[in-house]
2 protein chains.
Amino acid sequence: MKQEEIQRLTDEYWMQRALEMAQRGAHIGEIPVGAVIIRARTEPQELTQSAELITEAHNEKELQIDPTAHAEVLAIQRATKYLQNWRLTGCTLYVTLEPCIMCLGAIIAARFDRVVIGARDLKAGAIISTYKFLETTHFNHYPKIQMDILQEPCSEILKNFFQNLRQNKKT
Amino acid sequence: MKQEEIQRLTDEYWMQRALEMAQRGAHIGEIPVGAVIIRARTEPQELTQSAELITEAHNEKELQIDPTAHAEVLAIQRATKYLQNWRLTGCTLYVTLEPCIMCLGAIIAARFDRVVIGARDLKAGAIISTYKFLETTHFNHYPKIQMDILQEPCSEILKNFFQNLRQNKKT
């Protein structure tokens with residue numbers, strides 16, 4: 001298998017896991033966005049085993065009564081505490097929805113190697129949709145960015161959530 | 001006294017308090033940035049009593065080993081938990097340094113009425129210095145912004161901190 005295909009399969013594997021986190025969030029009434037942080041192993045073995053899971057999180061804004069409790073921020077806070085290092089060099093963040101500017105700022109501050117994104121957020125996405133991070137040059141760190149991994153299911157879970165919310169309000 | 005003068009004196013009073021928080025941060029080796037959140041009283045009395053202090057914080061990035069532990073984020077997290085509401089409507093944030101994009105995102109998410117800023121951050125400030133928040137129109141909330149309150153001491157405390165750091169490295 002080509003290196004690119006392996007990368008794509010690996011990205012889909014971890015994004016699926018981020019999607020499961022999003023689903024858990026939906027179950028407790030949180031807007032379903034999920035995030036997973038992995039760290040590359042120095043000696044990669046086969047596919048999904050070539051990295052270790054560091055932490056995972058879903059949106060907890062309502063649960064924690066905290067507007068900063070987006071999946072990405074929570075995952076970063078847990079990962080840096082777990083690794084006892086505020087630099088997440090060597091790590092990749094998987095997130096089911098394009099980060100907002102707050103989460104983008106947190107991602108830059110945490111020095112990720114790579115960020116893999118599911119659905120685009122046309123209203124608040126800060127990578128490509130509203131703020132154009134990919135066109136800037138002034139930040140002190142630039143992780144590699146991969147857009148559109150499992151874009152459809154990552155978008156679908158949000159659509160379903162808001163559709164259910166509207167239906168429940170009607171009844 | 002004119003309304004504008006009262007507002008300026010009030011802003012300087014609370015910014016002075018944010019500066020004291022920044023100083024406390026410096027004492028434990030944190031980059032000295034301080035933040036204070038106040039809530040307006042419905043029936044204003046005299047000057048500094050016309051608002052109540054909700055919370056205050058300084059940078060705790062090193063202490064908490066957390067790249068998101070900027071003074072503004074910590075103050076927002078504490079205030080929303082204390083008020084049991086993730087919307088800080090009616091509140092003003094005082095911060096000694098122009099917020100970065102992460103903190104700007106947190107500020108927008110928390111729905112502040114007003115943000116009062118001390119020194120400008122030419123390298124990472126997202127209000128006016130690098131990202132130009134004041135020129136955007138796409139966000140779902142725009143707090144009133146007041147720049148340059150106690151700009152000199154807010155800038156001075158940072159200069160001194162980094163000067164000491166360099167001197168200590170030399171010896």
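First the proteins, then the strands, lettered A, B, ... as listed; each starts at 1.
- Looking at every heavy atom in both residues, B/T68 comes nearest to A/A106 through CG2-CB, 3.9 Å.
- Interface remark: B/E62 contributes side-chain atoms only to the contact with chain A (heavy atom separation under 4.5 Å).
- In this structure, A/T80 contributes its side chain and B/I65 its backbone to a donor-acceptor pair below 3.5 Å.
- Proximity to chain B (any heavy atom under 4.5 Å) is shown, for A/D66, by both the backbone and the side chain.
- A distance of 10.0 Å separates CE in B/M102 from CD1 in A/I108, rounded to the nearest 0.5 Å.
- Atom CZ of A/R111 has more than 12 neighbouring heavy atoms from other residues, nucleotides or ligands inside a 6.0 Å radius.
- When all heavy atoms of A/H138 and B/Y131 are compared, the pair lying nearest together is NE2-N, 4.4 Å.
- In this structure, B/I127 is a member of the same hydrophobic cluster as B/L97, with clusters built from ILVMFWY side-chain heavy atoms closer than 4.5 Å.
- With rounding to the nearest 0.5 angstrom, the CG atom of B/L104 is 11.0 Å from the CG atom of A/L104.
- In B/R78, the CZ atom is crowded: over 12 heavy atoms of neighbouring residues, nucleotides or ligands sit closer than 6.0 Å.
- Here the closest heavy-atom approach between residue B/Q64 and residue A/K81 is recorded as O-NZ, 3.5 Å.
- Heavy atoms only, all atoms of each residue included: B/A109 and A/P67 are closest at O-CB, 3.8 Å.
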